Peer 1: 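Pasting in a structure now, in structure tokens, and then I'll have a few things to ask.
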Amino acid sequence: MSSKATPAAWSASTAAPGWAPGEFEALFTAHYPRLAARLRLLAGERAEDVAQEAFVRLFRHPPPRREQIAAWLHRVAGRAAIDLLRRQQRQDKYERAAAREAPAAVGPDAEQAALAAERRTRARACLARLPRRQAQLLWLRYAGGSYQEIAHSLGVRVNSVGAMLARAEAAFARAYPRTPAPPGASVRQGKSMTGGNGGSNALL
Amino acid sequence: MRCYSDGEWRAELDGAVDAAEAEAMRRHRQACRRCQQRRDRLAANASLAEPLAAPEPAADSGDPAAALAAVLARAARPEPPAPRRAWLWIPAGAAAVLLLFALVPSARTWAANVLAMLRIRQVTVVSVNPPELSPASRRQVGALVREMIAQQVTVTIHPGAPRIAASSRQARQWAGFAVRLPLGVAAPARIAVRGQSAFQMTLDRARLNAILAAVGRPDLRLPANANGALVAVNIPPSVVAAYGACGAHPRPVAGCTLLREVPSPTISVPPSLDLNALAQIGLQAAGMSAGEAAAFCRTVNWRSTLVIPIPEAESTYSEIPIDGVHGIVVRFAPHGRQPRSYALSWVRDGVIYSIRGQGGAAQGLALANALP
């Protein structure tokens, strides 16, 4: 680690300790938008904050193997986002999140949008109840990660992902009935909550 | 006709299998009702989580250039000092050791080793159903464990050879704690005092994961932050009193009963080490489902509880009043040439007691209840 005084702000174009000129900027450009987008599932409006913090850590502690950076970022950021989600759940921000996400129900499209928002909020709350690793797995899967990405982020073999996913979703299904629906959902649930094989049955 | 596992069906649902395999699986489930039901169940569970994939409401994604500038500005601030790596002195901290013990085939070895090593205030038993390993797999696991111990374990205090005490008083002097021996029974044939021992183990995630894979659980992985974690174990001097016809090297054979006493060992681990997570991995490796392991771990205070994993196929256990406290009696069924045997264990005043012998537990109980 360099003993030079830290500048007021690093410039992406100059060489910071552990980084070649422009290297960090290139990584940021390549990974930040997708990471921030995926984190919205867990962290909502704080997704960018969580993503940026992960990059701050990356900047300060560059790993020796650059090819693992995407997996590292998802692992670090996912963990932080899940912890944040759990804290938010504990702090009873559930209602506020539901209120922010659920648009005013005006017309059938808005009604559907409100239903979707409620399901998403409840699913997120259910996620917070799971062991962190299972929550991280489901986040990676439903944020669009491939089995390869999931395996790299979690440090497991690709052919283990299916089994882990099956177990995580079974745990999710068990936790779902115990996860309270967002306020106002009970009226809408009676209408259309049981599409397909879903609903709130604990299907193991 | 080979049925597919949950993991394979789940991957198939996600299209994560190649076309040929997918077609084979499709034909299979048309002929196998059980697999079709299994797939349906997995699909139903997945459908509950599907809302997680719903796109978030359109949000201001921000300016990437501004985000980068924000990151670089934050990175330039002084980094908060890392939390002092203060060791957590955990009286029990069974997780890392439990993981190892869960992989040792013999229940009797488990019980004996565990009782000799961990520091506790109470005892509990968990019934497990360890995987059936082929002889080759057992050899592989044994080799991996021995290699790991050779590479990752450093003995910092050697106990030396046990010393034979001439009396209980001498045993107390050597052991440094209030050794209790039964009153009103024949004197012990031998009282051996084993010196203090201590070792450190650096957790090697890759090695432990390899062991998990060798016992058929490649899906279980230690948390990343467990890698390099240093676990230090300090075992105070212990005493073993042999009663009956025990010979020169007492073992719990016919006619020989062993009473072992050791003050609670101390295990120290880094605060960041998630013992609960490690314990759950160990329990799952020993045959529990993830749900069962999680549920069990919620009932255990790892700081103060000795957890003895017992293969359910070979033993039964129950709680019993013993020596004025609550203890456990484990009864081992006959196994190969080994006749039925038992192990009693309890904790009193910070000292772990165990009595082992063959046959029923009556003689052991008599010894325990004769302690002053």
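Here is how names work: the chains are called A, B, and so on, in the same order as the sequence lines, proteins then strands, and each is numbered from 1. No experiment lies behind these values; they were computed from the predicted model shown.
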Peer 1: Determine the minimum heavy-atom distance between A:R157 and B:P218, stating which atoms define it.
Peer 2: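 Looking at all heavy atoms of both residues, the closest pair is NH1-CB, 4.3 Å.
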Peer 1: Between CD of A:E169 and CZ of B:R10, what distance do you get to the nearest 0.5 Å?
Peer 2: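 Separation between the atoms: 4.0 Å.
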Peer 1: Picking from B:V17, B:D14, B:L220, which has the most non-hydrogen pairs under 4.5 angstrom with chain A?
Peer 2: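 Answer, by heavy-atom pair count under 4.5 Å with chain A: B:D14.
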Peer 1: Could you tell me which non-hydrogen atom of A:F59 sits nearest to which non-hydrogen atom of B:A75, and how far apart they are?
Peer 2: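 In this case the closest contact between A:F59 and B:A75 is CD2-CB, 3.4 Å.
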Peer 1: Would you check if B:N45 and A:F172 make a side-chain contact, meaning some heavy-atom pair closer than 4.5 Å?
Peer 2: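 No - every pair of side-chain heavy atoms lies 4.5 Å or more apart.
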Peer 1: Would you say A:Y142 and B:E50 make side-chain contact, with heavy atoms under 4.5 Å?
Peer 2: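 Yes, their side chains come closer than 4.5 Å.
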Peer 1: Do A:L127 and B:L52 have side chains that get closer than 4.5 Å, going by heavy atoms?
Peer 2: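 Of all side-chain heavy-atom pairs linking B:L52 with A:L127, at least one is under 4.5 Å.
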Peer 1: As an exercise, state the distance from CZ of B:R74 to CZ of A:R60, rounded to the nearest 0.5 Å.
Peer 2: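 Those atoms lie 8.5 Å apart.
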Peer 1: Calculate, to the nearest 0.5 Å, the distance between atoms CG and CG belonging to A:L165 and B:L13 respectively.
Peer 2: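 Between atom CG of A:L165 and atom CG of B:L13 there are 9.5 Å.
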Peer 1: Pick whichever of A:R141, A:R133, A:R75 has the most heavy-atom pairs under 4.5 Å with chain B.
Peer 2: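 Highest number of heavy-atom pairs under 4.5 Å: A:R141.
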Peer 1: Out of B:A46, B:A65, B:A70, which one racks up the most heavy-atom pairs below 4.5 Å with chain A?
Peer 2: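 The residue among B:A46, B:A65, B:A70 with the greatest pair count is B:A46.
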Peer 1: Who among B:A67, B:A16, B:A11 has the most heavy-atom pairs with chain A under 4.5 Å?
Peer 2: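 Winner by heavy-atom pair count: B:A67.
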Peer 1: Please identify which of these residues, A:R57, A:E25, A:E53, A:Q52, meets the side-chain contact (heavy atoms from CB on, under 4.5 Å) condition with B:V71.
Peer 2: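 Of the listed residues A:R57, A:E25, A:E53, A:Q52, the side-chain contact (heavy atoms from CB on, under 4.5 Å) partner of B:V71 is A:Q52.
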Peer 1: What's the spacing between A:R122 CZ and B:L48 CG if we round to 0.5 Å?
Peer 2: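 Result: 8.5 Å between the selected atoms.
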Peer 1: Given side chains that start at C-beta, do those of A:Y32 and B:L68 come closer than 4.5 Å, heavy atoms only?
Peer 2: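 No - every pair of side-chain heavy atoms lies 4.5 Å or more apart.
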Peer 1: Of the backbone (N, CA, C, O) and the side chain (C-beta and beyond), which part of B:A49 lies under 4.5 Å from a heavy atom of chain A, both, or neither?
Peer 2: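 B:A49 touches chain A through backbone and side-chain heavy atoms alike.
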